[in-house]
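Reckoned from all heavy atoms, side chains included, excluding hydrogens, waters and symmetry mates.
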Amino acid sequence: MEITNKYFNKATEIAAIDQLCEKLESKGFKTRREVRLGNRVFDVLADKNAEKIAFEIKTKCLEPQAKESIKEMRSIAKEHGYSFRVLIA
């Protein structure tokens, strides 16, 4: 059986989210996964005191429509007091 890209990319994204949360938690952050802010769902939100970071994990190159989505997510994160980071896994 061959694992298709769809499943490989999903497994890679889950592993990247797990790794990111573990790293952040070791630095004292509280993490939440798959959190809705506005009309978007962010992969990870991390909070530590006044520091708030929203993360989106991508497992492939960003296509033009994805870039527009990222711009919107950055704006929504900022509206809710979060800085925003995109991580490519």
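No path of Ile, Leu, Val, Met, Phe, Trp and Tyr side chains, each step under 4.5 Å between heavy atoms, connects Val35 with Phe55, placing them in separate hydrophobic clusters. In this structure, Val86 is not a member of the same hydrophobic cluster as Ile17, with clusters built from ILVMFWY side-chain heavy atoms closer than 4.5 Å. In this structure, Ile53 is a member of the same hydrophobic cluster as Val44, with clusters built from ILVMFWY side-chain heavy atoms closer than 4.5 Å. If you chain together hydrophobic residues whose side chains sit under 4.5 Å apart, Leu20 and Phe29 fall into the same group.
By the 4.5 Å heavy-atom criterion applied to side chains, Phe84 and Ile76 are not counted as neighbours. Residues Leu45 and His80 have side chains not in contact (no heavy-atom distance under 4.5 Å, counting atoms from C-beta outward).
Put simply, CD on Glu56 and CG on Asp43 are 4.0 Å apart, with the number rounded to the nearest 0.5 Å. The CZ atom of Arg74 lies 10.5 Å from the CZ atom of Arg85; values are rounded to the nearest 0.5 Å. Expressed to the nearest 0.5 Å, how far CZ of Phe42 lies from CZ of Arg36 amounts to 10.0 Å. Within the model, atoms CG of Leu24 and CD of Gln19 stand 10.5 Å from one another, a figure rounded to the nearest 0.5 Å. The CG atom of Asn5 sits 9.5 Å away from the OG1 atom of Thr12 when rounded to the nearest 0.5 Å.
In terms of heavy atoms, Ser83 sits closest to Ala77 at O-CB, 4.4 Å. Residues Lys52 and Asp47 come closest through the heavy atom pair CG-OD1, 3.2 Å.
Sorted by first and then second residue, the pairs that involve residues 14-29 and meet salt bridge (Lys or Arg N to Asp or Glu O under 4.0 Å), not counting sequence neighbours, are Asp18-Arg33.
When the salt bridge (charged side-chain N to carboxylate O under 4.0 Å, His left out) test is applied to Lys10, no partner is found at least two apart in sequence or on another chain. A search for side-chain contact (heavy atoms from CB on, under 4.5 Å) contacts involving Ser75 returns Glu79, not counting sequence neighbours.
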